[in-house]
Amino acid sequence: MGESLISKVKSGDKKAFEELYNIYAEQALRTAMAITKNKASAADAVQEAFIRVYNNINSFDESKPFSPWFYKILVNECNRLLSKNSRTVLISNFFESGLDKSRYDSYKFQEYENLYKAVQNLKDINRIPIVLKYLKGFSEEEIAQILDININTVKSRLFKGRQKLRKYLEILEGGSEKHG
Amino acid sequence: MGEINERKLEEALMNGTDEAVHLKEAVWANIEKDLAFKKDKKPKKKIGIFKYGVIAAALALVVLATNTKYVNAAVDKIKDMFAPTKIINQTLEGDLEETQVELEASSQKYIIYVDKSIYEIVKEKDKDIIRPKERVETLPEVSMTIEQVAKKPEEAAKDIEQELNSKFPKVTNLGEVTTPVKGLAYHAIDGNLATSTVVDYYIVDNEKGGSFIIKKQYFLEAAEGHGVRFDNMLKEFKIIKE
């Protein structure tokens with residue numbers, strides 16, 4: 001993305017802001033949904049993140065890449081919503097008992113379905129770095145910057161996240177050799 | 001099992017989040033409404049976001065086939081098929097609550113479980129209204145209305161969207177949702193005050209060329225109380241198909 005677009009947004013150019021939105025919105029919605037595990041919360045988070053971007057764009061240093069700055073705002077919004085909705089997430093877990101196939105009927109392959117379920121079962125501490133790396137494609141260094149944590153901590157959380165994913169998959173696919 | 005296949009993980013995350021992408025236009029519409037684009041500088045005042053919803057839970061829409069010709073007979077049969085009461089655990093405003101809910105088999109051809117210690121069901125000619133037994137006159141309306149209409153979900157959705165747009169400053173077309181019921185959904189709110197009215201519509205295909213229209217109405221402060229209770233009721237909403 002060119003720096004000029006950010007400059008235009010800084011000057012209050014609505015079209016430029018809309019262009020910025022169009023560049024980032026889709027991936028932001030995906031990321032927010034994978035983090036919050038909820039389509040509606042994802043919309044909330046992305047909406048608020050872009051409003052914050054618009055209101056705070058002047059504090060963004062154009063010599064740095066925009067994406068990590070934006071995703072830091074987005075992840076913070078997701079965390080805020082997760083914290084706010086933590087009580088209700090418990091309810092949904094109770095009702096769903098962890099596995100509800102109807103929710104995933106649009107997926108093309110059972111293995112993707114199980115893998116996504118496994119990601120959703122990860123704790124935030126592991127899920128968020130996994131999402132940022134494998135959905136958004138951020139480097140470990142960028143993830144460290146977004147989450148304000150040490151790069152070694154990122155590596156550790158990613159490693160443990162992958163380990164847990166393997167364990168969840170073993171449980172989910174247990175007795176289902178056909179998908180193995 | 002060996003290492004996680006990173007390519008498959010990327011693809012699973014993409015597939016699993018596909019449905020969020022459809023909200024792109026709706027989110028932009030709200031951002032546009034929220035931000036006062038001025039010629040000089042960015043607006044200082046941030047207008048709060050509204051809730052698209054709070055619960056993430058799936059519901060399989062179960063269609064029940066019976067051989068019964070008459071509605072009442074069908075309702076009786078349905079009553080026999082489902083537990084008359086259930087105990088559910090729900091977290092309301094931070095507290096875990098154990099609630100007994102009772103089966104309600106409606107002549108509108110659906111079943112639902114209702115906490116009748118708190119809510120009453122008012123049956124009107126073409127619709128059922130679930131509302132608190134005790135109402136505070138100074139607070140906005142709290143209710144959940146369920147009715148069937150002879151319109152396909154897409155047609156009914158157009159009418160609802162038009163109606164909401166004429167009444168609410170913020171309306172979000174959530175598109176297809178799977179929670180708390182499977183159908184088309186709209187969310188509207190008239191402000192960010194504790195007493196701001198919130199309306200959620202769900203349009204569920206009745207599989208006979210018509211639709212169930214479910215309208216939840218409450219106020220912002222009641223989102224984690226009545227809003228959650230209504231959602232939990234809807235998770236047990238099932239259509240009776242003759």
Side-chain angles (χ1 to χ4, degrees), chain A residues 12 14 17-18 21-22 25-26 29-34 36-44 46-48 50-52 54-55 57-58 85 87-92 94-96 100-104 106-109 111-113 115-116 119-120 130-131 134-135 137 162 165-166 169-170 173, chain B residues 1-4 6 8-21 23-24 26-28 30-32 34-35 37-44 46-47 49-61 88-91 93-94 96 172 174 177-179 182 187 224 228 232 235:
Chain A
K14 181 190 166 184
F17 183 59
E18 188 172 357
Y21 177 82
N22 285 328
E26 182 177 323
L29 281 163
R30 288 182 183 279
T31 303
M33 183 170 172
T36 63
K37 300 187 271 188
N38 179 298
K39 179 178 165 182
S41 293
D44 263 345
V46 171
Q47 181 179 326
E48 182 66 1
F50 273 97
I51 289 169
R52 285 183 190 279
Y54 189 73
N55 285 332
I57 193 73
N58 280 327
N85 293 340
R87 290 170 285 183
T88 52
V89 169
L90 285 173
I91 301 171
S92 59
F94 174 82
F95 277 97
E96 288 177 42
D100 187 327
K101 290 182 171 59
S102 68
R103 189 173 179 183
Y104 304 96
S106 62
Y107 300 165
K108 293 171 185 170
F109 305 108
E111 57 184 337
Y112 289 162
E113 180 182 331
L115 199 44
Y116 190 66
V119 172
Q120 289 202 307
I130 290 273
V131 168
Y134 294 105
L135 181 59
R162 286 190 296 261
L165 282 179
R166 279 203 304 277
L169 282 177
E170 281 170 6
E173 294 178 353
Chain B
M1 177 175 287
E3 275 293 314
I4 288 289
E6 296 191 345
K8 281 185 181 171
L9 180 53
E10 288 169 12
E11 288 171 354
L13 283 165
M14 288 295 281
N15 283 330
T17 56
D18 268 346
E19 60 178 312
V21 175
L23 288 174
K24 185 181 167 189
V27 172
W28 174 251
N30 286 325
I31 292 170
E32 246 186 338
D34 277 2
L35 291 175
F37 287 107
K38 292 178 181 174
K39 287 180 182 176
D40 48 358
K41 273 291 169 186
K42 302 177 297 299
K44 295 289 180 193
K46 174 184 73 65
I47 301 171
I49 60 168
F50 62 80
K51 294 178 180 180
Y52 289 83
V54 291
I55 302 263
L59 173 72
L61 188 67
I88 62 164
N89 288 312
Q90 51 186 353
T91 306
E93 294 174 351
L96 187 65
T172 304
L174 291 170
V177 297
T178 54
T179 174
K182 188 177 176 184
H187 175 88
E224 293 189 39
V228 171
N232 287 339
K235 287 175 196 166

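Letters A, B, ... mirror the listed sequences (proteins, then strands); counts begin at 1. None of these values were measured; they are calculated from a predicted model.
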Checklist entry - Taking the side chain from A:Arg30 and the backbone from B:Val21, do they hold a donor-acceptor pair closer than 3.5 Å? => result no

Checklist entry - With respect to A:Leu115, which candidate in B:Leu13, B:Asn15, B:Leu9 satisfies the side chain to side chain contact (heavy atoms under 4.5 Å, CB included) definition? => result B:Leu9

Checklist entry - What heavy-atom pair brings A:Ala25 and B:Lys24 nearest, and what distance separates the two atoms? => result CB-CG, 3.9 Å

Next on the checklist: So, taking the atom named NZ in A:Lys14 and the one named CD in B:Glu32, what distance separates them when rounded to the nearest 0.5 Å?
Outcome noted: 4.0 Å

Item to check | Verdict with reasoning, A:Tyr54 to B:Ile31, per side chain to side chain contact (heavy atoms under 4.5 Å, CB included) | outcome: CA-CA 10 Å; A:Tyr54 189 73; B:Ile31 292 170; over 6 Å; no

Checklist entry - How close do B:Leu23 and A:Leu29 get, heavy atom to heavy atom, and via which atoms? => result C-CD1, 4.1 Å

Next on the checklist: Run the ring-ring contact (aromatic ring centres under 6.0 Å, His included) test against A:Tyr134 and tell me which residues pass, sequence neighbours left out.
Outcome noted: none

Next on the checklist: Could you measure the distance from the CG atom of B:Asn30 to the CZ atom of A:Phe50? Nearest 0.5 Å is fine.
Outcome noted: 13.5 Å

Item to check | Between CG on residue A:Leu135 and CD on residue B:Glu10, distance to nearest 0.5 Å | outcome: 9.0 Å

Checklist entry - Quick one: CZ on A:Arg162 to CD on B:Glu6, what's the gap to the nearest 0.5 Å? => result 5.5 Å

Next on the checklist: Looking at every heavy atom in both A:Met33 and B:Gly16, which two are closest together, and how far apart are they?
Outcome noted: CE-O, 3.7 Å

Item to check | Close side-chain approach of B:Val27 and A:Tyr21, heavy atoms under 4.5 Å | outcome: yes

Checklist entry - Roughly how far, to the nearest 0.5 Å, is the OG1 atom of B:Thr17 from the NZ atom of A:Lys37? => result 15.0 Å

Checklist entry - Do any N or O atoms from the side chain of A:Lys39 and from the backbone of B:Leu174 form a donor-acceptor pair under 3.5 angstrom? => result yes

